[in-house]
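The chain is numbered in sequence order, starting from 1.
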Amino acid sequence: MRWFPGSGLLGRKRDTVRRRCGTAPWSVRRPWWVLFTTAGIGAVLALTAFAAPGRLSNGGYIAEGTEATRTDALLQQRFAAGIPDLVLYARAPKPVDTPQMTHAGQEFTDRIVHEPEVRDAISFWAVGDRKLLSEDGRAALITVDLRGNEDAAARRAADLVPRLTGEQGPFTVTATGPAWVMAQVTEMSREELIRAELVGAPLAFLVLLFAFGSLTAALLPAVVGALSVAGTFALLQVLAAYLPLSAFAFNITTALGFGLAVDYGLLAVSRYREELAAGAAPPEAVGTTMRTVGRTVLFSAGTVVVCLATLLLFPLGFLRSLAMAGISVVVLAAVATRVVLPAMLLVIGDRIDRLDPFASLRRRGRADRSVSWARLARLATGRPVLAGGCAALFLLALAVPFTHARFGVTDERVLPATAESHATATRIGREFPLPWTRTLTVLLPDTDAVDQRQALDAYARRVSALPTAGEVATGLGTYRDGHRTTGRSMEALIYVGNGSTWLSLTADGPPSADERLVRELRALPSPGRHYVSGRPARVLDTKNAVLEALPTAAAVVVGAVLLLLFLFTGSVLIPVKAVILGALSLSATFGAMVYVFQDGHLRSVVGDFTVTGELETSMPILVFGAAFALSVDYELFLISRIQEEYRNTADHRTAIVNGLARTGRMITVAAVIFAVALLPLISSGITLLKLIGCGLALAVLVDATVVRGVLVPAFMQLTGHANWWAPRPVAALHRRLGLDRWHHDASRGTHTRLPAARDSGAVPTSVPDK
């Protein structure tokens, strides 16, 4: 009787497998049961995971609970005013202010107001405001407020806009505004997701196939990735029923999840093949793999989860939903690697190297050791100052553009220039005197425009006298340059009500001065309490909220990474080195992001996009969380093997060279697969997805080559045996936690190896003094 093909394990041998596989005994006790159960679960996930999600949001880029957002809510309650959800652009072949066109315009406005999704609509024909009339007189604007929050408004816009645009009587109507931008981005992100599934995953599998030289071996990491992504999609379906999830959560899950899950599978399969090549039987190879790689995967997943969890500290719904998606896929990837992969390895046994369609294209060499990476490691350790210094200067040069980084929030320019919302907003900005994206509102909740007329008049004069303030509209009339230019009109009634009033003004200076105008308005004395809102105020408040959360998030990330790496290595220096080199690598990535996406270079390489002169505020945070986690991930892969080599050889430089020779190719393949999985994002028409894809791809490729190939070996060679040093109390704590079985005898300068230390997969906290 055979337990599984190629093994013949029963009785005593089955107990041997259980004992040698360490932390994965359950899955190796009943491998066929695990695989049949996994196949059933996978079939269910395939049927449910890719259904249309219930609630998708493309908002969440504005900080919640700030003065600007609270003021917008009050303006909506008291005056039905604020930033409009939709702006409809209506153009006619003749002037739209003639009696006939006015009648048609009023009928169109009434029709909009009576739509069930609409709370209120204001048009040029309804209020006669000349700012809603184009300079050539042949186009007018209708601003529309929709019911519900920004997510509900986007869903309503997706249903309403197609009915209100196109040929509408004598007008040709197009739309823009935050709600329609969100709706269009959501729809485009769904199309990008399908492209990612059809293009990104197959390309990544081809890279795996070429790297492994075996269809069987390549399938195993791909299965781990597919299970992780499908499971996360199913989980997001459940979460989307209770809270708004970013439309990009599924796109990021496909790229990040597949890339990271494949990394884990790649690491495990590579080690398993290496053990087979060394003469181990399949059960023993699985045992060694799960003792060594299994531990690395657990620490890696914990590190990635901590890095992504810090995104929850920021008051941005966009980052929070992506954090939940990323954490889910990482946890599922670790579970699949620890539970499903050992069972698959046991069933496949020594047939893992079968079926190589690229056999005629490759040069045969040692599967467990890369000559090129060994040569690079010798160069880096032979001239550590020169090699490390050149690599560091290269990364610092890439980081230079980050010194002039500017940040903003997303708007219609995130879409291609041909998208309706983007094209319409551009046309409005060109043809109308009202720059609605630069309009500010000042709410005076305790000021009555009738009883406090003189105080309000004096305040409006002071506001209009500010250097970068344009025309100021109030319930008393309009003001400019410290003087009232027009008296009260019928349209001024919209600024008065319920014992309170509000002012509307447009920024008249360069766009870079808008935030300074917000600060001046908030500092300017007023008749009573006053609050400032509008898009420039939202941008400023979002930046401030992010800056407030940044120190806490950075401290959590650094502290958690230092702790986890100490628990993994028992070393004090290696965790510090990992944080420093990770920060240097990410600085280079951020500099490149500024150079490309803020300054507008290399568009012919990454694809065309609209240059806004700034980066979206949440993007560096997202890239930092994901890329720093991956940097530590590769650090764990490399350091774990260097420690193992050092434990076997007790020679510092030989351990570095052998460790890099045995993991360099695997880390490079992992980085290339991750970058390939990001290709659908890089080629996306949505600038945010393009920025995320380019940033993460550059980060992992730089980290896998420059940092792991040159900086890490050079640094470890310079620091020598101090890499493994820890203070006596710290080393004792590490041993007490059961994470290390090496004991350092300081008086003799030697180390004593405790029984079964090698079989446990333990690593040294101290080393021989040479």
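Arg708 places a side-chain N or O within donor-acceptor distance of the main-chain N or O of Ser631, the cut-off being under 3.5 Å. Side chain of Thr654 to backbone of Asp651: no donor-acceptor contact under 3.5 angstrom is found. Without hydrogens or angle criteria, Asn658 side chain to Glu645 main chain gives no donor-acceptor distance under 3.5 Å. Under the 3.5 Å distance criterion, the side-chain polar atoms of Arg653 are left unmatched by any main-chain donor or acceptor of Gly720. Checked by atom type and distance alone, the side chain of Gln598 pairs as donor or acceptor with a backbone atom of Arg406 at under 3.5 Å. With hydrogens and angles ignored, the 3.5 Å screen pairs a side-chain donor or acceptor of Thr381 with a backbone N or O of Arg378. No donor-acceptor pair closer than 3.5 Å links the side chain of His652 to the backbone N or O of Thr719.
Taking the charged nitrogens against the carboxylate oxygens, Glu644 and Arg291 have no contact shorter than 4.0 Å, which rules out a salt bridge.
For the pair Leu322 and Leu622, the minimum side-chain heavy-atom distance is below 4.5 Å. Looking at Leu267 and Phe637, their side chains come closer than 4.5 Å, going by heavy atoms from C-beta outward. In this structure, the side chains of Leu691 and Glu616 stay at 4.5 Å or more apart for every pair of heavy atoms.
Atom CZ of Phe590 is separated from atom OG of Ser585 by 9.5 Å, given to the nearest 0.5 angstrom. Rounded to the nearest 0.5 Å, atoms CG (Leu220) and CZ (Arg273) are 10.0 Å apart. Rounded to the nearest 0.5 Å, atoms CE (Met716) and NE2 (His721) are 11.0 Å apart. Annotation: the span from Leu688 atom CG to Thr410 atom OG1 amounts to 4.5 Å, rounded to 0.5 Å. Atom OG in Ser571 sits 8.5 Å away from atom NZ in Lys577 (nearest 0.5 Å). One distance of note links CD1 of Ile667 with CD of Glu635; it measures 9.0 Å at 0.5 Å rounding.
What you find for Ile656 and Pro713 is that their closest heavy atoms are CG2-CB, 3.7 Å. Among all heavy-atom pairs drawn from Phe299 and Leu636, the shortest one is C-CD1, 3.8 Å. Smallest separation of non-hydrogen atoms from Ile682 and Ala697: CD1-CB, 4.0 Å. The nearest pair of heavy atoms linking Ala380 to Val710 is CB-O, 3.9 Å. Among all heavy-atom pairs drawn from Ala588 and Leu395, the shortest one is CB-O, 3.4 Å. Of all heavy-atom pairs spanning Cys307 and Val561, the tightest one is SG-CG2, 4.2 Å.
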Show me the donor-acceptor pairs, under 3.5 Å and distance only, between side chains in residues 541-548 and residues at least two apart or in other chains.
from	atom 1	to	atom 2	distance (Å)
Asp541	OD1	Arg522	NH1	2.8
Asp541	OD1	Arg522	NH2	3.3
Asp541	OD2	Ala68	N	3.0
Asp541	OD2	Arg522	NH2	2.9
Thr542	OG1	Ala63	N	3.0
Thr542	OG1	Arg538	O	2.8
Lys543	NZ	Phe407	O	2.5
Lys543	NZ	Glu515	OE2	2.7
Asn544	ND2	Leu540	O	3.3

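Partners of Tyr634 under the ring-ring contact (aromatic ring centres under 6.0 Å, His included) rule, at least two apart in sequence or in another chain, do not exist in this structure. Contacts of Phe394 classified as ring-ring contact (aromatic ring centres under 6.0 Å, His included), with partners at least two apart in sequence or in another chain: none. Evaluation of the ring-ring contact (aromatic ring centres under 6.0 Å, His included) rule for Tyr272 yields no partner, not counting sequence neighbours. Not a single side chain to side chain donor-acceptor pair (under 3.5 Å) links Ser372 to another residue, sequence neighbours left out. The side chain to side chain donor-acceptor pair (under 3.5 Å) test applied to Thr66 returns Thr69, not counting sequence neighbours.
Taking the centre and axis of the six-membered ring of Phe568, the NZ or CZ atom of Arg295 falls inside the cone set by 45° and 6.0 Å.
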- Task: Dump the intermediate steps for side chain to side chain contact (heavy atoms under 4.5 Å, CB included) on Ile621 and Phe314, then the final yes or no.
- Result: CA-CA 9 Å; Ile621 298 170; Phe314 293 92; 3.6 Å; yes

- For the pair Arg641 and Thr663, evaluate side chain to side chain donor-acceptor pair (under 3.5 Å) and give the outcome as yes or no after the intermediate values. CA-CA 7 Å; Arg641 197 52 187 265; Thr663 59; over 6 Å; no

